[in-house]
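One structure below.
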Amino acid sequence: MQVIRQYIEEHKQRMLDELFDLLRFPSVSADPKYKADVLKTADYTAAKLREAGADNVEVCQTAGYPIVYGEKIIDSTKPTVLVYGHYDVQPPDPLELWETPPFEPTVRDGKIYARGACDDKGQFYMHVKAFELMMQTNTLPCNIKFMIEGEEEVGSNNLGIFVKGNRERLKADVVLISDTSMLSMETPSLETGLRGLSYLEVEVTGPNRDLHSGVYGGAVANPATILSKMIASLHDENNHITIPGFYDDVVELKDSEKDALNSAPYNEDEYKKDLGIDEVWGEKGYSTFERTGTRPTLEVNGIWSGYIGEGAKTVLPSKANAKISMRLVPNQGSDKITQLFTEHFSRIAPPYVKVKVTPHHGGEPVVTPTDSVAYQAAQKAITEAFGVEPVPTRGGGSIPIVALFEAELGVKTVLMGFGLDSDALHSPNEKYDIFNYYKGIETIPLFYKNFAALS
Ligand code: BES
Ligand code: MN
Ligand code: MN
């Protein structure tokens with residue numbers, strides 16, 4: 001521990017400066033206008049892995065954005081850890097809500113404000129620096145492989161192909177990922193599950209063109225009204241989802257599992273205050289942690305129709321659209337849910353409109369084991385670094401690759417995230433606490449030490 005803390009102390013400023021350089025690349029995978037920047041970010045990541053001491057570093061081309069690979073094999077009889085992260089980020093919009101520009105990292109009150117500060121540049125870069133630390137202090141006790149991708153925020157479509165084609169190269173005893181949240185720095189936690197995802201877009205079409213809303217209004221169905229009604233009907237009065245068969249494969253938690261989940265500290269007043277809401281909302285009969293961690297949901301992620309520019313325009317729109325996603329829990333399958341949604345949405349469409357459903361991407365839910373050597377190593381590392389034992393939680397977000405690693409490589413994952421839910425991931429003013437960044441760099445070598453010792 002002394003060695004670790006001393007190394008971090010001596011290299012503090014450089015470790016932060018390098019993260020800032022990484023954050024300055026606008027590596028938005030969703031928007032093609034950033035293509036050159038995304039590619040530069042891959043090159044920067046590869047260069048930093050090389051500098052830290054990784055061998056066989058490669059920017060692996062895919063049909064989309066490249067995957068950065070690097071490794072250090074110290075002894076083939078020792079266990080191997082595969083570190084996964086992503087160098088792409090979410091779009092920064094709406095730009096006007098950022099206090100400082102999203103790609104000019106700025107420190108305020110001990111926190112780094114920038115798109116990707118927490119999700120996931122700040123977090124995956126801790127692994128690069130922890131690796132450097134272990135190389136420089138001669139304390140790397142395991143083999144290590146890095147796989148940092150550039151399409152996580154758009155569904156990791158090319159990663160599956162890469163994993164299938166590189167089974168031998170990616171062979172490992174555990175996958176280690178820092179791309180999730182902790183409850184707080186005082187109550188560290190380890191996520192033991194992630195929800196799956198089924199993402200799609202719907203289009204409702206009424207008349208064959210936009211109409212004068214005075215000339216035709218009242219005689220022709222308005223697609224915006226119809227779409228709103230259709231969407232509203234997807235939840236009943238108890239906030240259950242109304243799609244037939246939607247819950248068929250959902251596994252109810254045992255009471256003991258529910259109790260464990262609900263024993264984590266939760267202050268509803270603080271929760272509401274942080275979000276500026278007067279009441280929480282959700283499926284009847286479930287607590288907030290159960291709602292986000294163990295229950296499937298359906299959310300409208302975007303909705304548009306008609307005139308949304310300055311001033312007013314009296315128009316009866318021809319079309320109305322929405323982006324809708326459903327979060328899935330074990331043992332739901334994203335293809336099946338996408339199909340159930342598509343059938344249901346087409347069925348409930350009234351005869352005045354036509355409906356088109358276009359699937360985007362999906363990912364499968366996972367539960368990660370808590371009785372594995374790797375989980376215990378993470379538990380112990382956090383206990384040593386934080387002075388408190390971590391609480392197991394279920395994450396509400398999705399990382400599609402986790403289920404894929406399990407299916408394709410037969411390797412389980414440890415989700416050792418250091419973010420906070422309040423870090424504003426995907427929102428304006430995303431941040432990451434400098435304290436968490438260094439704490440992560442301190443905890444990761446302890447994970448390796450414990451994993452090697454327990455293996
Ligand atoms: N890092 C997040 C997922 C996450 C965040 C998990 C917080 C647990 C806690 C990841 O980058 C992400 O945003 N994933 C997407 C899914 C993807 C397919 C677009 C998500 O969850 O919406
Ligand atoms: Mn992420
Ligand atoms: Mn994300």
Side-chain angles (χ1 to χ4, degrees), residues 22-23 27-31 41 64-65 83-93 102 114-127 147-160 175-184 188-201 264 289 292-294 296-302 323-329 334 337-338 359-368 392-404 413-428 430-432 436 440:
L22 179 61
L23 291 169
S27 53
V28 180
S29 51
D31 185 343
T41 318
Y65 286 123
V83 176
Y84 164 85
H86 62 95
Y87 63 81
D88 66 320
V89 299
Q90 285 273 324
D93 313 63
R115 172 56 87 232
C118 176
D119 183 13
D120 176 42
K121 287 171 171 172
Q123 294 208 66
F124 94 72
Y125 206 65
M126 299 179 318
H127 286 267
M147 183 177 140
I148 313 295
E149 73 150 316
E151 295 186 307
E152 198 276 343
E153 298 292 9
V154 287
S156 304
N157 282 336
N158 296 294
L159 197 63
V175 180
L176 181 62
I177 304 179
S178 296
D179 193 23
T180 51
S181 312
M182 281 195 169
L183 288 169
S184 72
S189 53
L190 276 166
E191 288 192 8
T192 60
L194 291 165
R195 290 195 285 188
L197 188 69
S198 159
Y199 200 114
L200 36 82
E201 205 166 310
F289 280 153
T292 59
T294 72
T297 57
L298 182 151
E299 297 293 338
V300 178
N301 299 115
K323 292 182 193 284
I324 294 176
S325 68
M326 289 159 284
R327 296 281 167 176
L328 314 178
V329 299
S334 68
I337 292 297
T338 299
H360 268 261
H361 52 266
E364 305 309 327
V366 279
V367 177
T368 59
T393 59
R394 289 278 193 100
S398 310
I399 307 178
I401 189 63
V402 178
L404 225 130
T413 295
V414 168
L415 298 163
M416 195 166 75
F418 295 89
L420 297 175
D421 284 344
S422 54
D423 280 340
L425 319 182
H426 298 198
S427 303
E430 177 178 348
K431 65 175 184 294
Y432 193 42
N436 299 35

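One-based numbering, in listed order, for ligands and for the atoms of each. Remember, it's a predicted structure, so these values are computed and weren't measured experimentally.
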Donor-acceptor side-chain pairing of S27 and K121 below 3.5 angstrom: yes
The criterion is salt bridge (Lys or Arg N to Asp or Glu O under 4.0 Å); which residues satisfy it with D31, sequence neighbours excluded? K33
Please tell me whether E151 and N158 have a donor and an acceptor in their side chains that are separated by less than 3.5 angstrom. yes
Region of S156 that comes within reach of ligand 1 [heavy atoms, distance under 4.0 Å]: neither
Show me which atoms of ligand 1 lie under 4.0 Å from any heavy atom of L197. 18 (C)
Go through the side-chain N and O atoms of E299 and S325 and say whether any donor and acceptor fall under 3.5 Å apart. no
Any non-hydrogen atom of G397 lying under 4.0 Å from ligand 1? yes
Heavy-atom nearest neighbour in the protein, as seen from atom 4 (C) of ligand 1, with distance rounded to 0.1 Å: D179 O, 3.6 Å
Using a 3.5 Å cut-off and no angle test, enumerate the donor-acceptor pairs between side-chain atoms of residues 190-199 and protein atoms at least two apart in sequence or in another chain.
residue	atom	partner	partner atom	Å
E191	OE2	S181	N	3.4
T192	OG1	T393	O	3.1
R195	NE	T292	O	3.0
R195	NE	G396	O	2.9
R195	NH1	R291	O	3.2
R195	NH1	T292	O	3.4
R195	NH1	R295	O	2.7
R195	NH2	T292	O	3.2
S198	OG	T338	OG1	2.7

Starting from atom 11 (O) of ligand 1, find the nearest protein heavy-atom neighbour and note its residue, name and distance. E152 OE1, 2.7 Å
Heavy atom of the protein closest to atom 19 (C) of ligand 1 (residue, atom name, distance): E153 O, 3.6 Å
Quick check: closest heavy atoms across T413 and V402, and the distance to 0.1 Å? OG1-CG1, 3.6 Å
Compute the shortest N/O to N/O distance between T180 and ligand 1 and return yes if it is under 3.5 Å, no if not. no
For residues N157 and H361, is any side-chain donor paired with an opposing acceptor at under 3.5 Å? no
Correct closest heavy-atom pair for L23 and A114 would be CD1-CB, 4.1 Å
Heavy-atom contacts under 4.0 Å between D421 and ligand 1: side chain, backbone, both, or neither? neither
Among protein atoms, how many N/O/S atoms lie less than 2.8 Å from the Mn ion (ligand 3)? 4
Does some non-hydrogen atom of G363 fall short of 4.0 Å from ligand 1? no
Please determine if S181 has a nitrogen or oxygen closer than 3.5 Å to a nitrogen or oxygen of ligand 1. no
Set of residues satisfying salt bridge (Lys or Arg N to Asp or Glu O under 4.0 Å) with respect to E149, sequence neighbours excluded: none
With heavy atoms only and a cut-off of under 4.0 Å, state how D119 meets ligand 1: side chain, backbone, both or neither. side chain
Evaluate H361 for polar contact with ligand 1, using N/O atom pairs at a separation under 3.5 Å. no
Among V28, L22, I148, exactly one meets side-chain contact (heavy atoms from CB on, under 4.5 Å) together with T41. Which residue is that? L22
Shortest non-hydrogen contact between F124 and H86, atoms and distance: CD2-O, 3.5 Å
Test item: E152 side-chain N/O and D88 main-chain N/O as donor-acceptor pair under 3.5 Å: no
L425 heavy atoms within 4.0 Å reach ligand 1 at atoms 5 (C), 7 (C)
Taking every heavy atom of G417 against every heavy atom of M182, the minimum-distance pair comes out as O-CG, 3.2 Å
Determine whether any heavy atom of D120 lies closer than 4.0 Å to an atom of ligand 1. no
Polar side-chain atom of E153 near backbone of A30 as donor-acceptor pair, under 3.5 Å: no
For atom 21 (O) of ligand 1, closest protein heavy-atom neighbour: R327 NH1, 2.8 Å
Atom 3 (C) of ligand 1 sits nearest the protein heavy atom S398 O, 3.5 Å
Is the backbone N or O of C118 less than 3.5 Å from a side-chain atom of E430, with the two atoms forming a donor-acceptor pair by type? yes
Nearest heavy atom to atom 9 (C) of ligand 1, choosing from H360, R394, E191, belongs to E191
Compute the minimum heavy-atom distance from H86 to ligand 1 and say whether it is under 4.0 Å. yes
